[in-house]
There are 2 protein chains.
Amino acid sequence: MTTLSTQIQLASRPVGWPTHDDFRRVVVELEPLAPGEVRVVNEFISVDPYMRGRMNDVRSYTPPYALDATMTGGAIGRVTESESTDVPVGAVVSHQLGWRDVAQGDASGFRVVPELPGVPLSAYLGILGMTGLTAYVGLLEIAHLAEGDTVFISGAAGAVGTAAGQIARLRGASRVIGSAGTDEKVALLTEKYGYDAAFNYRSGPVRELLAAAAPDGIDVYFDNVGGDHLEAALDAFSDGGRAALCGAIANYNSDETPAGPDNMSNIVTRGLTLRGFTVGNYLEHFPAFQHDMAEWFAAGSIVFDETVVDGIDNSVDAFLGLMRGENTGKMVVRTAV
Amino acid sequence: MTTLSTQIQLASRPVGWPTHDDFRRVVVELEPLAPGEVRVVNEFISVDPYMRGRMNDVRSYTPPYALDATMTGGAIGRVTESESTDVPVGAVVSHQLGWRDVAQGDASGFRVVPELPGVPLSAYLGILGMTGLTAYVGLLEIAHLAEGDTVFISGAAGAVGTAAGQIARLRGASRVIGSAGTDEKVALLTEKYGYDAAFNYRSGPVRELLAAAAPDGIDVYFDNVGGDHLEAALDAFSDGGRAALCGAIANYNSDETPAGPDNMSNIVTRGLTLRGFTVGNYLEHFPAFQHDMAEWFAAGSIVFDETVVDGIDNSVDAFLGLMRGENTGKMVVRTAV
């Protein structure tokens with residue numbers, strides 16, 4: 001019996017916005033398992049903003065995606081065959097083999113997930129996985145969130161943003177402000193995610209919108225957007241403010257060189273710290289994160305949204321939708337349909 | 001007997017480059033000393049780039065200079081009369097009363113200087129004063145200089161830059177690179193101040209000049225300039241690089257809004273830290289700085305230059321010359337002529 005795996009490959013490097021032509025669907029016949037290997041039928045695969053950067057052939061924190069190779073990234077599934085005693089048949093595992101419906105490889109590349117009661121598997125790609133860890137590390141390790149801080153989070157209705165707002169609150173922020181790109185998302189921020197104030201960044205200059213939402217200034221900025229949002233934050237910062245720079249989705253699909261903030265001198269005069277990070281360098285915080293998250297889930301203190309797209313063949317559409325901001329919360333593709 | 005004090009006041013707020021019309025010379029008749037007060041005949045007064053910022057009426061780390069009031073700032077002189085037992089006649093003192101030839105006030109505003117043998121008093125306004133402390137704090141506390149680091153310093157022939165290059169070397173940097181605005185200054189950096197490489201930033205795009213001088217990248221950037229220098233540093237940084245942002249003289253006299261670096265996304269992808277600081281918030285490091293500097297001076301490990309302008313009446317010219325980069329090392333005005 002042969003097993004087929006449907007996979008999505010990068011066929012060409014996008015210039016500006018990716019299109020379907022930049023990707024290719026292939027069906028691969030899998031080899032029988034070698035000793036130590038496992039085979040996993042995926043349930044969900046993750047699409048994330050950072051993937052856009054990896055489609056370019058430039059130096060970055062992760063190597064660029066290879067052309068004509070399957071898109072890698074977070075995924076979760078169940079083991080259906082195993083030649084490893086560490087990772088038995090039936091185990092739920094997460095891995096980084098990405099956009100394919102069936103994955104296989106050495107067991108060391110698969111991590112058995114300790115399931116929490118009542119939590120869907122997709123959440124381990126989001127709020128309980130790298131997405132949640134990104135929010136946690138960014139606020140606590142990078143921006144040194146302190147009790148009483150006023151926190152501004154851009155792209156607040158996204159997967160990282162919705163996690164960050166709640167973590168900020170649970171860790172003592174006195175005021176949490178978010179930006180999002182539609183009125184529906186803005187309403188969700190204050191009504192569901194506990195933000196004190198939120199604004200639609202399409203409704204005016206971000207500088208003015210943030211100044212109105214944070215009349216007494218901000219202490220911490222969690223940046224998912226870059227561009228005019230970072231500029232607005234630099235204006236709003238109180239002395240000693242700290243920014244965790246996580247992403248700049250505003251620029252990912254631009255083929256023009258973006259101008260930086262025009263108020264960089266505030267960094268000197270207000271004694272600000274801007275610090276960029278990528279979660280892959282902070283995996284040692286995963287146990288502390290898991291511990292805190294399990295407590296918060298048990299206490300009912302965490303809510304989350306997912307945008308689920310069905311079918312491996314729709315992975316590119318899911319990714320493009322994410323780039324356009326069509327998701328609320330974590331965007332995942334359900335491969336087991 | 002009356003005592004007269006010649007003082008330079010700010011008469012109007014400069015727009016763009018300051019002119020002589022923005023200042024006013026006054027001669028003030030000093031009151032007899034009150035109990036607890038001292039009178040000091042200044043030997044040197046300090047002119048510094050940060051003073052340009054204080055001439056504007058904007059929020060900053062120090063309040064703006066008041067109009068029609070005497071310019072304040074660092075100065076050093078000898079006590080000629082004293083109604084204080086703490087600060088006796090004959091003591092050498094530093095203070096912040098700025099651009100005047102005779103200063104007086106409560107003794108608490110005057111700090112007795114522990115003189116090192118063979119060091120001119122002007123040095124306590126520079127390498128042994130706030131200027132040296134700025135370099136020391138910026139490298140060690142802000143940029144966390146580590147042994148083996150490659151360090152880039154902009155405005156390297158200035159007072160802070162010449163101190164920073166030597167401190168970096170003394171604290172274990174493996175390669176120190178500097179930029180300056182004339183070929184003479186560039187030569188001085190490598191021939192006198194121990195820089196491994198230096199370039200004239202007027203001789204080409206800073207990005208290319210820095211890339212050529214630091215083919216293996218930089219770990220630490222000490223920024224005195226901002227603008228294209230910061231942009232070049234962001235391109236040259238190795239992963240985990242750290243910038244101490246000390247000043248941005250490139251922008252001080254601009255009445256246009258400067259564009260920020262076009263490569264801010266490197267902050268995220270390379271995990272960089274940009275941190276602004278002003279030395280006034282780090283005065284607790286003065287004892288450690290004094291200790292290290294005394295040792296380095298005793299060992300003959302520190303050299304320094306000064307550009308001395310004679311006469312309180314030439315203070316404005318000294319300041320304008322500083323803004324134009326006419327100084328090498330610390331710019332001071334000798335008032336005792």
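Lettering follows sequence order; numbering is per chain, from 1.
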Side chain, backbone, both or neither: which part of A/Ile142 has an atom under 4.5 Å from a heavy atom of chain B? neither

From the list B/Gly240, B/Ala243, B/Pro261, B/Gly260, the residue making the most non-hydrogen contacts under 4.5 Å with chain A is B/Gly260

CE on B/Met264 to CE on A/Met264, rounded to 0.5 Å: 4.0 Å

Distance col, row B/Leu274:CG vs A/Thr273:OG1, nearest 0.5 angstrom, shows 9.0 Å

Roughly how far, to the nearest 0.5 Å, is CD1 of A/Ile267 from CG of B/Leu230? 7.0 Å

Heavy atoms, side chains only, cut-off 4.5 Å: are B/Leu272 and A/Arg275 in contact? no

Within 6.0 angstrom of A/Glu284 CD, more than 12 heavy atoms from elsewhere: yes

